[in-house]
Every structure is written in structure tokens, then in C-alpha cells.
2 protein chains.
Amino acid sequence: MSPEEHPAPPAAPGKKARLSREIVLSTALALVDAEGLDALTMRRLGQELGRDPMSLYRYAANRAALLDGVSELVLDELAIIPDDPDWQSQLRRIAHDLRLLALRHPNVVPLLVTRPLSTPLGLRPLGTLRPLEQILSLLIDAGFAPVDALHVYRAYYGYLYGHILNELQEFVVDPEENEALLRLGLHRLPPKDFPRLRALAPVLADYDGMAELDEGITILLSGLAGRLPLPDSPTEP
Amino acid sequence: MSPEEHPAPPAAPGKKARLSREIVLSTALALVDAEGLDALTMRRLGQELGRDPMSLYRYAANRAALLDGVSELVLDELAIIPDDPDWQSQLRRIAHDLRLLALRHPNVVPLLVTRPLSTPLGLRPLGTLRPLEQILSLLIDAGFAPVDALHVYRAYYGYLYGHILNELQEFVVDPEENEALLRLGLHRLPPKDFPRLRALAPVLADYDGMAELDEGITILLSGLAGRLPLPDSPTEP
DNA sequence: GCCTACAGTCTACATTGTAGAGAAGTTGCA
DNA sequence: TGCAACTTCTCTACAATGTAGACTGTAGGC
């Protein structure tokens with residue numbers, strides 16, 4: 001109880017500002033970005049914030065809710081602004097945006113992909129549902145019947161998420177020595193069982209995710225456009 | 001130390017058979033199928049097998065390796081037999097098979113999707129890489145250049161995984177009262193912010209995953225076929 | 001018989017999420 | 001100002017988890 005006891009309230013003046021959900025979540029996101037999902041423990045996050053771990057429970061009901069909050073925060077970075085009248089180019093732009101978002105927060109992608117699996121659609125964090133609503137709206141405004149809009153959305157988002165997963169899987173290694181490491185990893189495979197994969201090692205090494213995504217989107221969108229009744233498809237004569 | 005002490009070696013004769021990796025993994029899979037990923041703890045699995053939890057470490061280096069083993073076991077259920085000469089219908093069949101596999105083991109899907117994200121391609125369990133190799137082989141045999149085969153594979157598997165994630169997300173609720181529950185969940189959404197989604201509630205409720213997958217695959221494959229140089233595409237004149 | 005290898009067990013510990021009671025700080029009202 | 005209600009944060013405690021390390025039993029080879 002001596003006066004020397006208190007850690008340093010005047011020494012670190014900014015530290016003791018009141019917590020808020022935004023502060024908690026963004027610190028959590030920073031931690032996940034920097035050190036991965038496993039590093040995000042209540043204790044560690046508390047320490048990061050200079051607070052007792054228990055104080056976090058005022059801003060997230062439990063750890064799962066905290067993870068949901070982080071996904072929501074990340075998805076909020078995806079701005080969907082309907083400025084382009086052409087729905088295809090809109091969807092294309094959003095796809096590239098989402099791809100970049102995923103590359104910016106690769107450690108969060110598992111959350112984006114798996115958290116919804118354990119939560120019924122209607123009960124998800126609103127931020128998670130917003131892109132769905134916005135894209136539906138975009139498509140309906142472009143002239144699609146609501147049911148068809150849903151079809152397009154599903155095919156589109158399905159491919160998009162799949163591509164992102166694909167791309168992230170190929171970049172767990174340092175891009176600098178990507179090729180060497182890849183070869184090394186693949187070298188472990190028995191040549192008898194994996195001839196094709198081994199032969200493709202150099203091709204696997206230089207992967208242009210953006211081009212690959214763009215091509216897939218083109219195929220899918222023009223395929224969808226040709227199959228559905230819609231007002232006007234600018235890219236098809 | 002009395003003779004009555006020993007539990008019951010003759011009473012339960014089958015119980016004390018020697019453990020094996022297969023037994024451990026298949027019990028683990030059964031547990032995950034029945035009660036979800038969280039139920040798969042070392043202690044619980046040990047109990048399920050009538051063994052000390054520590055004995056499991058002889059068959060899997062740690063819990064992560066156990067999870068990898070479970071994914072591998074599931075993927076082994078996917079038989080890729082190149083009987084059909086038409087690559088498109090082959091890929092279509094595989095897609096449906098994988099979809100059914102996912103519906104059979106929905107709790108394992110998060111593993112299939114996220115474990116690879118933390119393991120460099122070359123270091124994954126072999127069982128996980130086998131489908132990749134086989135599909136490459138199938139495409140190359142069908143006449144694709146290896147590089148193009150990789151393109152096709154990526155677009156195809158990307159869409160396929162995306163679709164599976166999509167579909168599983170819509171079926172967390174009991175299909176019996178699917179519609180009611182969905183409406184209930186969606187009812188929580190603020191009408192101002194989510195008009196489209198709410199209006200689509202009835203359509204969301206009856207979702208034909210198989211048809212949706214098939215249509216997407218058709219679009220994607222015929223798009224790919226039209227874009228790449230390949231020997232013969234039976235469905236295109 | 002004894003020796004070695006291996007399967008399985010026991011004990012122990014650090015780390016995790018989180019319940020529950022309380023302290024400290026803030027705000028509203030007399 | 002003083003007091004009371006409320007919010008925010010902290011402390012202590014506990015059960016559950018993964019897993020290291022030493023130990024025990026059992027099977028086969030000499």
C-alpha cells in the first residue's frame with residue numbers, strides 16, 4: 001500500500017482511456033493479423049490492452065462472440081458502392097476487393113469461412129449479412145428477378161470464396177523463396193503416386209491469383225448471363 | 001489386489017484389442033460426426049476407446065495431427081475412378097460425390113477447408129493431395145496441357161468448395177421446420193437494412209443444393225472448355 | 001529363465017475460458 | 001458538497017484441456 005506501489009498511471013496517460021467495443025475488436029484484429037488466431041486468447045488480448053482479461057467480457061459475451069466481432073470488423077472493410085451501372089463489372093470489382101481483403105487479413109479467412117457454419121443465417125452478426133443484402137440489391141436493381149439474383153449470388157460467392165481459399169493455400173510460404181520451398185515440400189511426395197503434381201512444381205510456384213480469379217469470374221458471369229433472362233448484357237452481342 | 005479387483009478382461013473380451021491408427025481415427029471421425037469438432041478432445045476420445053488419453057499419442061503426434069488424420073480419412077471416402085472418357089462428366093460426377101461426402105460429414109468440412117491453410121502444400125497428409133493428383137491426371141489424360149489442367153482444376157475445385165460451404169451454411173437448421181426457423185431468424189433483421197434478404201426468405205428456405213451445384217459446374221466447365229485449347233469437347237459442336 | 005522393445009498408464013503441470021464477488025471510478029441528484 | 005446508483009474493471013478461483021516424463025506391464029527372442 002506504499003505510494004510507490006501503483007504501476008504508473010501518470011507515466012502512461014493514454015493507456016487508461018475507457019475501453020470500447022471498437023478498441024477491443026480492432027486490437028483483437030491486429031493481434032490476429034500479426035500472430036494468428038491462436039494468439040488471440042482472452043489473457044493475451046487483455047495484456048495487449050493493459051487490462052484484466054475479465055474486462056473483455058463486457059464487450060463480447062465470450063470468445064466465440066469475440067471471433068464473430070473480428071470477422072464483422074474485417075467485412076466492414078469491404079465497401080460495396082453501386083456506382084457502376086454494369087452488374088458484371090460491379091461484381092468483378094467486388095471480387096477483386098474481397099480478394100485483396102483476404103490477402104490483407106489471411107489469418108481471419110478461416111473465421112470468415114467457418115463461423116457461419118455454426119450460426120443460422122438469420123442469427124449472424126449483421127455486418128456479415130450486409131454484403132449478401134447489398135449484392136442482392138445490386139442484382140435486382142440491374143433487372144434480375146429476385147430468385148435469379150439469389151442464384152447468381154450463390155454461384156458468384158461460391159466461386160469467390162473457393163478461389164480465395166485456393167489462393168491462400170498456395171501462399172503459406174515466404175514468396176521470396178517460394179519456389180525452392182515448394183520444390184522441397186513436393187520433393188517429399190512419392191514420385192510413383194504423384195507424378196503430375198511433382199512435374200507441375202514450377203508452375204505451382206508462380207501463381208497469379210488475380211488473373212486466375214478474373215478469368216474464373218469472367219467465365220462464370222458470362223455463363224450466368226447467357227442462361228438467365230435479364231434486361232441487357234453489355235458484353236454479349 | 002484381491003482376485004475380484006481386475007475390471008473384466010474375460011467379461012469384455014473385444015475391448016482390449018490392440019489399438020491401431022485406423023481404429024483411433026475412425027473412432028475420432030465417428031465422434032466428430034456425432035457431436036462436432038469440439039467434442040473431439042484427447043480425453044474424450046480415450047474414454048471412447050476405453051484407453052488412457054495418453055495412449056493416443058502413439059498414433060498421432062498431437063491433436064492437430066489427429067485432426068489431419070480425420071480429414072484424410074474422410075477424403076479417402078472419395079473414390080476417383082477414371083471410367084468415363086468424357087472429362088466434363090467425370091468432373092461433374094466427382095463434384096456430386098464430394099458434395100454428398102460433405103453432407104455426410106458436415107462437421108469435418110471446416111477441417112477440410114482450413115487445415116490446408118496452415119500447412120504448406122508439400123507437407124500435407126498424402127491423402128489430402130491425392131484428389132488433386134488424380135484430377136490433374138484425369139485432365140492431362142483428356143488432352144489438356146499440364147498448365148491448363150492446373151487452371152481447370154483450380155477453377156473447378158474453387159467453385160466446388162465454395163458451393164459446399166454455401167450449401168452447408170444454409171442447413172444448420174432442422175430441415176423439418178426449416179422454413180419457420182429461417183423466417184424466425186430473418187425476422188430479427190431490421191427491415192430497413194435488409195429488405196431483399198427478408199423478401200427472399202421463402203426462397204431461401206427451399207434450396208436445392210444439388211441442382212445449384214450442377215448448374216454452376218455446367219457453366220464453369222463449358223466456359224473453361226470454350227476458352228482453352230483441348231482435343232475434343234463432346235458437348236460443344 | 002532373463003533382456004529388450006514396445007503399448008499403455010499414471011502423475012503432474014502450464015494454459016485456457018469463464019463464473020462470481022468485489023473494488024474503483026463515474027454520474028445524477030439532493 | 002454528500003450520497004447513492006450504476007458502470008467498468010479487477011481479483012480470486014476452478015474446471016477443462018493438451019501434453020511432457022517417468023513408470024508398468026506384457027510379448028517375444030536368446
Side-chain angles (χ1 to χ4, degrees), chain A residues 1-3 5-10 12-28 31-32 35-70 107 110-111 114-115 118, chain B residues 1-3 5-10 12-28 31-32 35-70 107 110-111 114-115 118:
Chain A
M1 302 261 185
S2 76
E5 211 60 19
H6 60 87
K15 265 296 174 186
K16 280 305 178 187
R18 188 98 124 292
L19 238 43
S20 72
R21 183 152 214 267
E22 287 66 41
I23 297 178
V24 169
L25 290 183
S26 60
T27 312
L31 187 55
V32 171
E35 306 185 29
L37 275 179
D38 291 343
L40 181 57
T41 69
M42 303 309 259
R43 285 170 163 87
R44 178 67 197 282
L45 181 55
Q47 172 183 331
E48 215 72 21
L49 289 161
R51 285 302 191 318
D52 187 281
M54 278 296 123
S55 65
L56 304 175
Y57 285 86
R58 197 152 303 266
Y59 304 99
N62 49 39
R63 195 180 118 99
L66 195 101
L67 295 178
D68 280 340
V70 171
N107 295 333
L111 285 188
T114 58
R115 297 279 329 148
S118 39
Chain B
M1 303 258 183
S2 75
E5 212 59 20
H6 60 85
K15 264 297 175 185
K16 280 305 180 187
R18 192 86 127 300
L19 239 41
S20 71
R21 185 153 213 268
E22 287 68 40
I23 296 178
V24 169
L25 290 184
S26 60
T27 312
L31 187 54
V32 171
E35 306 186 29
L37 275 179
D38 291 344
L40 181 57
T41 70
M42 302 310 257
R43 285 170 163 87
R44 178 68 195 283
L45 182 54
Q47 171 183 331
E48 215 72 23
L49 289 161
R51 288 298 193 317
D52 187 282
M54 278 296 122
S55 65
L56 304 174
Y57 285 87
R58 205 159 292 274
Y59 304 99
N62 49 39
R63 181 162 189 262
L66 195 97
L67 294 178
D68 280 339
V70 171
N107 295 333
L111 286 187
T114 57
R115 297 278 330 149
S118 39

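A, B, ... follow the sequence lines: proteins, then strands. Residue 1 opens every chain. Quick caveat, the model's predicted, so the values are computed rather than measured. All heavy atoms count here, side chains included; hydrogens, waters and symmetry mates do not.
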The side chain of Ser55(B) is closest to which nucleotide in this list: dG8(C), dT8(D), dT10(D)? dG8(C)
From the candidates dG8(C), dC9(D), dC11(D), the one with an atom nearest any side-chain atom of Leu19(A) is dC9(D)
Measure from [atom1] on [X] to [atom2] on [N] and round the result to the nearest Å.
X        : N       : atom1 : atom2 : result
Arg51(A) : dC11(D) : CZ    : C1'   : 16 Å
Arg18(A) : dC6(D)  : CZ    : P     : 16 Å
Asp52(B) : dG25(D) : CG    : C1'   : 14 Å
Arg58(A) : dT7(D)  : CZ    : P     : 9 Å
Leu56(A) : dC9(D)  : CG    : C1'   : 10 Å

When rounded to the nearest 0.5 angstrom, what distance separates [atom1] in [X] from [atom2] in [Y]?
X         : Y        : atom1 : atom2 : result
Asn107(B) : Glu35(B) : CG    : CD    : 10.0 Å
Arg115(A) : Leu67(A) : CZ    : CG    : 5.5 Å
Arg44(B)  : Asp38(B) : CZ    : CG    : 12.0 Å
Gln47(B)  : Asp52(B) : CD    : CG    : 12.0 Å
Thr27(B)  : Leu49(B) : OG1   : CG    : 4.0 Å
Leu111(B) : Asp68(B) : CG    : CG    : 8.0 Å

Residues within residues 21-28 of chain B bordering DNA chain D, heavy-atom distance below 4.0 Å: none
With sequence neighbours excluded, residues passing side chain to side chain donor-acceptor pair (under 3.5 Å) with Arg63(B): none
I'd like a table of atom pairs between the protein and nucleotides 16-22 of chain D - only N or O on both sides, under 3.5 Å - with the distance next to each one.
unit_1, atom_1, unit_2, atom_2, d
dG18(D), OP1, Arg63(B), NE, 3.1
dG18(D), OP2, Met42(B), N, 3.0
dG18(D), N7, Arg43(B), NH1, 2.5
dG18(D), O6, Arg43(B), NH2, 2.9
dT19(D), OP2, Tyr57(B), OH, 3.0
dT19(D), OP2, Arg63(B), N, 2.9
dT19(D), O5', Tyr57(B), OH, 3.4

Side chain Ser55(A), main chain Arg51(A), donor-acceptor under 3.5 Å: no
